[in-house]
Amino acid sequence: MFKFQVNGEARAVGGISPETPLLWVLRDHLQLKGVKFGCGGGFCGACTVHLDGQPARACQLPLAAVAGRHITTIEGLSPDGSHPLQRAWVELDVPQCGYCQSGQLMSAAALLAQNPRPTDADIDAAMSGNICRCGTYGRIRRAIRRAAQVSPDAKAGQGD
């Protein structure tokens, strides 16, 4: 039996191989379909979740590695879509096909949690592991900047 927190809720799964990637545990056993399967090698970022607050590729994390830890998926970012990034994504029409967007949002959320006022270079570095086949990188960067402007953390840092 593996126990961990998902989106603030204690969860336990059993009868699953310890080597099973977290991606499949989340999607198939916990019915959290927001995390996407992209490349399966940790290169595209579609499966990005937060593991103890840090972005991590769920396709590369074996179940055994998450026991006792805290996982946040796109469903836990903000169930009602009120997170500043989610609002900015909608306002700026960021998604095209949308497949990569949960991973993009999770990487962006980790960036803003660590750096509420990122530069374009900071954004590019933090987002470099997330691939968008539709090429919406400019809109993604603008949405991150917009979210940083309206985020309470970013406002608290203004005037430094």
Side-chain angles (χ1 to χ4, degrees), residues 1-90 92 94-116 118 122-137 139-141 143-144 147-148 151 153:
M1 184 69 63
F2 293 93
K3 296 178 182 182
F4 45 90
Q5 295 274 325
V6 179
N7 300 330
E9 182 180 329
R11 303 300 293 257
V13 295
I16 303 171
S17 169
E19 292 85 29
T20 301
L22 176 63
L23 168 72
W24 301 118
V25 174
L26 293 171
R27 289 185 58 80
D28 296 344
H29 298 277
L30 301 179
Q31 302 305 306
L32 295 168
K33 305 293 186 178
V35 60
K36 303 295 185 202
F37 175 76
C39 66
F43 305 111
C44 74
C47 68
T48 302
V49 297
H50 293 174
L51 181 63
D52 296 331
Q54 298 299 311
R57 303 297 193 248
C59 73
Q60 296 297 295
L61 277 172
L63 178 58
V66 302
R69 300 183 72 185
H70 297 269
I71 300 156
T72 305
T73 68
I74 190 70
E75 292 90 348
L77 190 59
S78 169
D80 63 359
S82 64
H83 189 282
L85 282 164
Q86 291 170 312
R87 290 194 323 261
W89 243 247
V90 171
L92 297 175
V94 171
Q96 192 162 316
C97 83
Y99 196 82
C100 69
Q101 297 306 305
S102 63
Q104 299 278 0
L105 280 159
M106 295 306 290
S107 290
L111 166 64
L112 292 182
Q114 294 174 359
N115 180 357
D122 296 333
I123 293 169
D124 292 346
M127 301 303 291
S128 67
N130 291 81
I131 297 171
C132 176
R133 292 184 67 178
C134 300
T136 65
Y137 300 111
R139 287 183 284 191
I140 290 168
R141 186 184 302 123
I144 294 169
S151 169
D153 291 335

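- Looking at N130, its side chain never comes within 3.5 Å of a backbone N or O of C100 through a donor-acceptor pair.
- Taking CG from D122 and CG from L111, the interatomic distance works out to 7.0 Å, rounded to the nearest 0.5 Å.
- Looking at S102 and V35, their side chains never come closer than 4.5 Å, going by heavy atoms from C-beta outward.
- In this structure, CH2 on W24 lies 9.0 Å from SG on C59, to the nearest 0.5 angstrom.
- Atom CG in L32 sits 9.5 Å away from atom CG in L22 (nearest 0.5 Å).
- Contact detail for T72 and V49: the closest heavy-atom pair is O-CB, 3.4 Å.
- Every residue meeting the side-chain hydrogen bond (donor to acceptor under 3.5 Å, both in side chains) condition with Q114, not counting sequence neighbours, appears here in chain and number order: Q54.
- At least one side-chain heavy atom of D28 sits under 4.5 Å from a side-chain heavy atom of K33.
- In this structure, K36 contributes its side chain and C47 its backbone to no donor-acceptor pair below 3.5 Å.
- Contact check for R133 versus C97: no side-chain heavy atoms found under the 4.5 Å cut-off.
- Note that the CZ atom of F2 and the OG atom of S17 stand 7.5 Å from one another [nearest 0.5 Å].
- Sorted by first and then second residue, the salt bridge (charged side-chain N to carboxylate O under 4.0 Å, His left out) pairs involving residues 49-66 (not counting sequence neighbours) are D52-R69.
- The NE2 atom of H83 sits 4.5 Å away from the CG atom of L77 when rounded to the nearest 0.5 Å.
- Without hydrogens or angle criteria, T136 side chain to I140 main chain gives no donor-acceptor distance under 3.5 Å.
- In this structure, S107 contributes its side chain and Q104 its backbone to no donor-acceptor pair below 3.5 Å.
- When side chains are defined from C-beta on, Q86 does not count as touching D80, because their heavy atoms never get closer than 4.5 Å.
- One N or O on the side chain of H50 and one on the backbone of M106 form a donor-acceptor pair closer than 3.5 Å.
- How far CG of L85 is from CG of L112: 5.0 Å, rounded to the nearest 0.5 Å.
- Contact between G34 and I74 at its shortest, heavy atoms only, is CA-CG2, 3.6 Å.
- Under the 4.5 Å side-chain criterion, counting only non-hydrogen atoms from C-beta, Y137 is not in contact with V94.
- In this structure the side chain of M127 never reaches within 4.5 angstrom of the side chain of R141, judged on heavy atoms.
- Within 6.0 Å of NZ on K3 lie no more than 12 heavy atoms contributed by other residues, nucleotides or ligands.
- Between L63 and F4, some side-chain heavy-atom pair lies under the 4.5 Å cut-off.
- Counting heavy atoms from C-beta on, the side chains of T73 and L30 never come closer than 4.5 Å.
- In terms of the salt bridge (charged side-chain N to carboxylate O under 4.0 Å, His left out) criterion, residue partners of R11 (sequence neighbours excluded) are, by chain and number, E9.
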